[in-house]
J.: 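My questions will all concern the structure given below.
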Amino acid sequence: MTGARRRERWREGWRELRRYPSALLGLAIIAALVALALATPIAIPYGEALAKWRGSEAWQRNPVNAAPVWLDRLTGGDAPRTLVIESETATVEERAFAGGRRLRIPLAFDFEAGGFPSELNLFLRAPGHAQPPFARLTWLTPDGRELALGGYRIGPRERISLSQDRALERRLGGLVPHIGLLAEPGGAAAPDAEPRVLPGRYTLRLDVLVFDEAAAFDAELVLYGRVHGIAGTDHQRRDLSLALMWGTPVALAFGLLAAVGTTVTTLVIAAVGVWYRGWVDATIQRLTEINMILPILPILVMVGTLYSTSIWLMLGVVVVLGIFSAGIKMYRAMLLPIREAPYIEAAQAYGASNSRIVLRYLIPRILPVLIPTFVTLIPTFVFLEASLAVLGLGDPLLPTWGKVLNDAQSQSALYNGYYYWVVSPAVLLMLTGLGFAMLGFALDRVFNPRLRSL
């Protein structure tokens with residue numbers, strides 16, 4: 001077939017495919033997933049993604065179990081976002097005394113949200129001090145009240161969790177500090193009254209005694225919001241958008257490699273058996289029948305439990321178990337009449353080798369049937385990888401959709417109302433299956449004219 005003829009056939013196939021809106025929608029979904037898969041390693045390199053997913057200091061400024069921002073806005077809420085107030089932007093008053101310095105650091109911020117923050121932490125850094133600094137904290141409210149929060153000896157890296165200060169909670173009338181410190185006065189006195197936010201400008205004032213003139217001192221106040229980012233956070237403060245993004249190339253690569261490995265090898269083995277017949281075909285058929293009764297998922301569970309949960313090992317096992325699948329019998333039934341075709345006898349007459357006949361004359365005749373099967377097979381392996389991860393047998397290093405679902409299951413996300421934690425990866429899995437399924441069914445109609453009237 002000439003190049004011009006081949007291009008013309010491709011153009012005819014594309015024109016035929018455009019007749020099916022489902023195919024165009026499927027192509028759009030697949031294109032979006034592929035674009036996300038290609039952009040993800042550029043936006044978040046592989047090593048950085050693994051380091052962050054294992055847990056790092058990058059997440060300590062994120063709230064725990066925070067819903068996506070868009071979900072709160074969609075429901076008409078006004079939940080607070082995370083506020084970070086750093087001493088570098090504050091106007092620091094400094095006075096010297098015999099043996100050190102006295103610093104006054106006002107960490108001021110405006111709070112106008114419709115709800116209370118989920119947590120309140122103060123991060124202090126005092127590296128290189130021979131004698132630890134001492135800090136006294138005072139909370140200033142918009143209505144002029146001053147609340148003493150106590151004094152602390154400061155190490156090189158200190159984290160003061162004001163939300164867990166039980167003594168402060170008792171002083172606030174039983175309200176947890178991240179609510180009581182920002183509530184209207186008198187709300188704690190009425191047990192049945194719901195505390196309300198007092199909007200305005202708040203200040204956490206740090207009066208610090210530093211005994212080393214050369215050493216640095218930094219402070220950072222974090223008011224953790226109840227919503228965060230486009231995908232929310234999990235129980236380890238990790239941004240779920242990282243796993244949703246990196247889960248896309250992992251899922252598509254696993255599904256594509258597994259589909260290619262199983263489909264191509266199955267087709268070649270079926271063609272070899274049909275051509276050589278005899279004991280070769282009989283051996284292939286017996287191996288296929290044995291393999292057909294082997295349950296693939298329990299075998300993968302056993303491999304993951306007893307040996308390793310590496311995604312590449314799982315991929316290899318899937319390909320090996322998929323080689324002698326039921327597809328061999330289907331391809332064999334299609335190849336048997338082709339073997340007796342006149343052009344095969346002509347090829348033998350002019351001296352074509354066995355390998356040439358198998359690869360150039362037998363296999364290409366059934367490729368149109370193979371393409372729809374191949375497309376619809378990809379999401380099958382995507383769901384298989386996610387299923388293994390949900391069962392706790394996913395790769396522990398990789399952030400994937402299945403791993404997100406497994407974490408959500410272990411933390412009872414649905415019971416606790418964190419629906420976003422389950423819905424986001426589930427929607428991506430369903431979109432993947434829907435896109436490939438719609439395209440595969442349309443391709444089946446294009447390549448099999450008998451289905452066009454159905």
Side-chain angles (χ1 to χ4, degrees), residues 57-64 66 79-97 100-129 132-165 167-169 171-172 175-185 195 197-212 215-228 237:
E57 292 186 3
W59 305 126
Q60 66 179 353
R61 271 67 174 174
N62 291 352
V64 176
R81 302 189 189 185
T82 299
L83 292 177
V84 179
I85 305 95
E86 299 178 347
S87 59
E88 296 177 355
T89 61
T91 303
V92 181
E93 300 178 13
E94 182 174 347
R95 288 184 295 174
F97 65 92
R101 296 173 295 158
R102 187 188 304 273
L103 306 177
R104 172 162 286 187
I105 306 174
L107 301 178
F109 62 95
D110 294 314
F111 194 81
E112 303 291 342
F116 294 98
S118 61
E119 200 176 350
L120 193 60
N121 284 338
L122 178 64
F123 297 91
L124 302 174
R125 295 178 295 275
H129 289 258
F134 180 82
R136 186 170 295 280
L137 313 181
T138 305
W139 186 264
L140 309 178
T141 64
D143 56 358
R145 290 174 292 135
E146 293 191 8
L147 300 173
L149 305 185
Y152 299 87
R153 287 283 179 186
I154 310 301
R157 299 179 68 88
E158 200 77 33
R159 174 178 177 268
I160 300 175
S161 181
L162 299 176
S163 299
Q164 299 179 10
D165 190 335
L168 178 59
E169 182 178 337
R171 289 170 52 199
L172 293 171
L175 292 176
V176 289
H178 57 267
I179 293 179
L181 291 175
L182 291 95
E184 292 182 350
V197 175
L198 175 64
R201 189 168 186 81
Y202 290 85
T203 302
L204 177 61
R205 189 178 67 205
L206 282 71
D207 293 306
V208 186
L209 297 179
V210 178
F211 306 101
D212 191 322
F217 182 88
D218 296 312
E220 187 176 77
L221 175 64
V222 182
L223 285 84
Y224 295 88
R226 296 188 181 272
V227 293
H228 181 86
R237 305 182 186 273

J.: Indicate yes or no: at least one non-hydrogen side-chain atom of Arg102 is less than 4.5 angstrom from one of Leu209.
T.: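 The answer is yes; the side chains approach within 4.5 Å.
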
J.: Once rounded to the nearest 0.5 Å, what's the spacing between atom CG of Leu83 and atom OH of Tyr202?
T.: 12.0 Å

J.: Has Thr138 got a side-chain atom pairing as donor or acceptor with Ala148's backbone, closer than 3.5 angstrom?
T.: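 Checking the backbone N and O of Ala148 against the side chain of Thr138, no donor-acceptor pair under 3.5 Å is found.
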
J.: Contact between Ile154 and Val208 at the side-chain level, heavy atoms closer than 4.5 Å - yes or no?
T.: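 When only atoms from C-beta onward are counted, Val208 and Ile154 do not touch, as no gap falls below 4.5 Å.
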
J.: What distance do Arg104 atom CZ and Arg136 atom CZ have between them, rounded to the nearest 0.5 Å?
T.: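 Arg104 CZ to Arg136 CZ: 12.0 Å, rounded to 0.5 Å.
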
J.: Who pairs with Glu86 by salt bridge (charged side-chain N to carboxylate O under 4.0 Å, His left out), at least two apart in sequence or on another chain?
T.: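 If we apply the salt bridge (charged side-chain N to carboxylate O under 4.0 Å, His left out) test to Glu86, skipping adjacent residues, there are no hits.
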
J.: Has the side chain of Ser163 got a donor or acceptor atom that lies under 3.5 Å from a matching backbone atom of Pro177?
T.: no

J.: Using every non-hydrogen atom in the two residues, find where Asp212 and Gly128 come nearest and quote the distance to one decimal.
T.: OD2-O, 3.6 Å

J.: Quick check: closest heavy atoms across Ala219 and Leu107, and the distance to 0.1 Å?
T.: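 Answer, listing the atom of Ala219 first, then Leu107: CB-CD1, 4.2 Å.
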
J.: Within this structure, what is the CG-CD1 distance for the pair Leu221 and Ile85, rounded to the nearest 0.5 Å?
T.: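 Going from CG on Leu221 over to CD1 on Ile85, the span is 4.5 Å.
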
J.: So how far is it from Leu168 CG to Leu175 CG, rounded to the nearest 0.5 Å?
T.: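 CG of Leu175 is found 10.5 Å from CG of Leu168.
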
J.: Which pair of heavy atoms, one from Pro195 and one from Ala183, lies closest together, and at what distance?
T.: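 Reported closest heavy-atom pair: CB-CB, 4.2 Å.
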
J.: With distance as the sole test, does Arg205 use its side chain to make a donor-acceptor pair with the main-chain N or O of Glu146 at under 3.5 Å?
T.: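 Side chain of Arg205 to backbone of Glu146: no pair is present.
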
J.: Sequence neighbours left out, what passes salt bridge (charged side-chain N to carboxylate O under 4.0 Å, His left out) with Asp110? Give chain and number order.
T.: Arg201

J.: If you round to the nearest 0.5 Å, how far is CG of Leu204 from CD1 of Ile160?
T.: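 Taking CD1 in Ile160 and CG in Leu204, the distance rounds to 9.0 Å.
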
J.: So with a 6.0 Å cut-off around CZ of Arg81, is the heavy-atom count from everything else above 12?
T.: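 No.
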
J.: What heavy-atom pair brings Ala216 and Pro127 nearest, and what distance separates the two atoms?
T.: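 Distance-wise, the nearest heavy atoms are O-CD, 3.9 Å.
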
J.: Just wondering, do Leu198 and Pro142 contact through their side chains at under 4.5 Å, heavy atoms?
T.: yes

J.: Decide yes or no for Asp165 and Leu149: does some side-chain heavy atom of the first lie under 4.5 Å from some side-chain heavy atom of the second?
T.: no

J.: With a 4.5 Å limit on heavy-atom distance, are the side chains of Asp218 and Phe123 in contact?
T.: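 They are not in side-chain contact.
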
J.: Find out whether Leu223 and Pro80 are in side-chain contact, i.e. whether some heavy atom of one side chain is under 4.5 Å from a heavy atom of the other.
T.: no

J.: CD/Gln164 to NE2/His178 distance, rounded to the nearest 0.5 angstrom?
T.: 10.0 Å

J.: Salt bridge or not for Arg159 and Glu119, using N-O below 4.0 Å?
T.: yes

J.: Given Leu181 and Leu172, is the side chain to side chain contact (heavy atoms under 4.5 Å, CB included) satisfied, shown in steps?
T.: CA-CA 8 Å; Leu181 291 175; Leu172 293 171; 4.2 Å; yes

J.: Write down the atom of Glu112, the atom of Gly200, and the distance for their closest heavy-atom approach.
T.: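 Result for this residue pair: OE2-N, 3.7 Å.
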
J.: Does a side-chain heavy-atom distance below 4.5 Å link Asn62 with Thr82?
T.: no

J.: Under 3.5 Å, is there a donor-acceptor pair between the side chain of Arg226 and the main chain of Phe116?
T.: yes

J.: Assess the residue pair Glu220 and Val84 against the criterion (side chain to side chain contact (heavy atoms under 4.5 Å, CB included)); give the C-alpha distance rounded to whole Å, side-chain angles, the decisive distance to 0.1 Å, and a yes or no.
T.: CA-CA 7 Å; Glu220 187 176 77; Val84 179; 3.7 Å; yes

J.: Kindly indicate whether the side chain of Leu137, heavy atoms from C-beta on, has any atom under 4.5 Å from the side chain of Trp139.
T.: no

J.: Do the numbers put Arg237 on top of the ring of Tyr224, so that NZ or CZ is under 6.0 Å from the six-membered ring centre and no more than 45° off the axis?
T.: yes

